[in-house]
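Presented below is the structure to which this report refers.
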Amino acid sequence: MKRVIPSTAILLLLMGGMGACKCGEPSDLSRAGLREAQVCSTPGEGGALSACPRLCDAVGQLPAPPPREGLTRDLIATALDVKLGAMRGTATLQVGESKEPGLSLMVGTLNITGVRGRCGDLKYTVKDGRLDIGVQEWATTVVVDYTFSSTEKTDGYRRTGTTYTWPAFCGNLFPCHPSPDDGVKFSLRLGDLPEGQVAVYPKQVAGDVPAYMLGWAVGAYTERPLGATRAGTQVSVWYLPGEEEAALAGTRHLRDAMDFFETRYGPYTFGDKVGSVSANWGPNAKGGMEHHPFWHLASESMGDSLVHHHEAAHGWYGNGVRIQCWEDFVLSEGTTDYLTARAVRATEGEEAEAKLWESRRKTLEALVVRRDTVVLPDATCNAIDMSTHPLASGLPYLKGSLFFHELEKQVGTAALDSVLARFYQLHVGKAARMQQLLDFVKSETGHDPGPLAQGWLRGLGVPATSPITSGPKP
């Protein structure tokens, strides 16, 4: 559809000189300098937009483009302004320019109440949980107003006050791209809190992270500072009434574990204050969720130091280095579970670590009897549904960590630590595949981990382990 600029004078002003008006497709607007990212300021705090007359005076009289699919358009940053009492939010999205108009976002169960760009309302449609918007090629800001609802499941904002959007339920909380390889920056502002409640959440996440990493928790929290690491990272724990004893027992080594991760594998990138937050997920719920820098633990797991260490370690693998495909889940969970064991060795000693490995192997042997699967099915990428696939189990954690434990015996502790540190530093803020790490092991150490990976990651059952007679190699 042709678009004609109504005022030649405006176009000449933008071009900075005299000349004929070449009217036509949106690409002509870009050539005229009408590119939002170049002539308008970026969104401010809370996603606030400043006026941009240089752009809006020229395009304000043009018809808004129709809704159009734009699944590949890059989502760069999301600024959320959420009013909990009213259960409504505004998402200000920074998107990349594109050769084609349109933008698509997953919105799940959200009720979309309005969509606008820098210069006015945008046309949109919602179907099957997907929002398609008519966004011009040169536009880089989209604002979505919406309402959301609470849930008793682990698929959005839980009625007990915490969020849970893994693996792909971010669209029930805010407009998003749920694929793990699509990193995005976040800012968050929570308001209209219930009386007497405390909200624990990051105001900003500056690095590119998977959409499921963003989260918040609201409740009658008490914060207990645990001290600072040598790098200056402040570590705390937030617990609910009646949980103090369990919380302090579970986090007795958390500061030292964070210190170990920072000094051994590289700087933490998600802020200078971190910690564990109790999440009321209901009776019998256990485990945690890596909402860095304030990760969540099920209330019943607050006394379990391994869960605290595991969620902290996701700052390096899973979030620091995010996975490119769900099929690479073991790169997140297996690596992190291995780092958890290394933190046990650093904070409690080799005997405590040895007991942990013995326990893990027994747990794995029992688990594969009930249900086994290949934990690195990487012939495909994002072709599996993690909500139903057997990969969403304890198998990637156990097989992955035991793979690294066996690899450590073969190449030595120092060499494996160096590989994991360098790989993290090369890929932090980016997406990676497990095969990239396996290739990196070979290039850095000269040792081929392929046969070991074939047994532990690409095969079924529990491979035999090699004995350690005098502890891991130096």
Side-chain angles (χ1 to χ4, degrees), residues 154 164 166-168 180-181 210 212 281 284-290 297-298 301 304 306-307 309-311 313-314 316-319 321-344 353 355-409 416 420 432-438 441 449-466:
T154 53
Y164 194 110
W166 187 93
D181 65 319
Y212 62 77
W281 292 341
N284 303 318
K286 295 183 179 180
M289 181 49 57
E290 56 265 33
L297 268 74
S301 293
D304 190 337
L306 295 177
V307 182
H309 294 180
H310 177 95
E311 300 310 325
H314 272 303
W316 283 260
Y317 281 87
N319 291 346
V321 179
R322 64 185 185 277
I323 58 175
Q324 185 171 335
C325 316
W326 287 119
E327 289 86 342
D328 298 303
F329 190 49
V330 70
L331 175 61
S332 173
E333 300 300 347
T335 313
T336 299
D337 235 20
Y338 171 73
L339 298 187
T340 300
R342 294 286 284 109
V344 169
E353 185 200 15
K355 290 180 180 179
L356 174 60
W357 287 120
E358 181 180 0
S359 173
R360 283 184 177 174
R361 185 174 179 88
K362 289 180 179 178
T363 301
L364 177 59
E365 289 171 344
L367 186 58
V368 298
V369 171
R370 298 195 299 272
R371 190 181 193 186
D372 199 4
T373 192
V374 170
V375 300
L376 185 57
D378 57 347
T380 60
C381 180
N382 292 323
I384 63 175
D385 183 353
M386 283 296 287
S387 298
T388 58
H389 198 277
L391 198 61
S393 67
L395 292 168
Y397 298 70
L398 295 166
K399 288 190 176 185
S401 63
L402 283 160
F403 159 77
F404 282 112
H405 184 45
E406 292 299 307
L407 183 60
E408 180 187 352
K409 298 175 187 178
L416 184 53
L420 293 175
R433 303 210 67 175
M434 184 64 184
Q435 185 59 49
Q436 288 179 263
L437 179 53
L438 297 176
V441 170
L452 204 60
Q454 186 63 40
W456 282 102
L457 309 180
R458 294 193 166 99
L460 298 175
V462 183
T465 58
S466 56

Measure the shortest side-chain to side-chain distance between [X] and [Y] over non-hydrogen atoms and say whether it is less than 4.5 angstrom.
X	Y	result
L437	F404	yes
I323	Y317	no
H389	F329	no
F403	L452	yes
S393	R371	no
D328	D378	yes
V462	R361	yes
Y212	E290	yes

Mind running side chain to side chain contact (heavy atoms under 4.5 Å, CB included) on L395 and D372 for me, showing each step along the way?
CA-CA 7 Å; L395 292 168; D372 199 4; 4.2 Å; yes

[X] (side chain) donor-acceptor with [Y] (main chain) under 3.5 angstrom:
X	Y	answer
D181	C325	no
E327	A383	yes
T373	L391	no
S401	L398	yes

To check you understand the geometry: which heavy-atom pair defines the closest contact between [X] and [Y], and what is its length?
X	Y	answer
V321	A432	CG1-CB, 3.9 Å
L306	T340	O-CG2, 3.7 Å
S332	G318	OG-CA, 3.3 Å
P463	G455	CG-O, 3.4 Å
G400	V330	CA-CG2, 3.6 Å

Please step through side chain to side chain contact (heavy atoms under 4.5 Å, CB included) for the pair V307 and K286, ending with a clear verdict.
CA-CA 9 Å; V307 182; K286 295 183 179 180; over 6 Å; no

Considering only NZ, NE, NH1 and NH2 on the basic side and carboxylate oxygens on the acidic side, decide whether D337 and R360 come within less than 4.0 Å.
yes

NZ/NE/NH1/NH2 to OD/OE distance under 4.0 Å, E406 and K409:
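Salt bridge between E406 and K409, a charged N being under 4.0 Å from a carboxylate O: yes.
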
Taking salt bridge (charged side-chain N to carboxylate O under 4.0 Å, His left out) as the test, write out the residues that go with R322, two or more places apart.
none

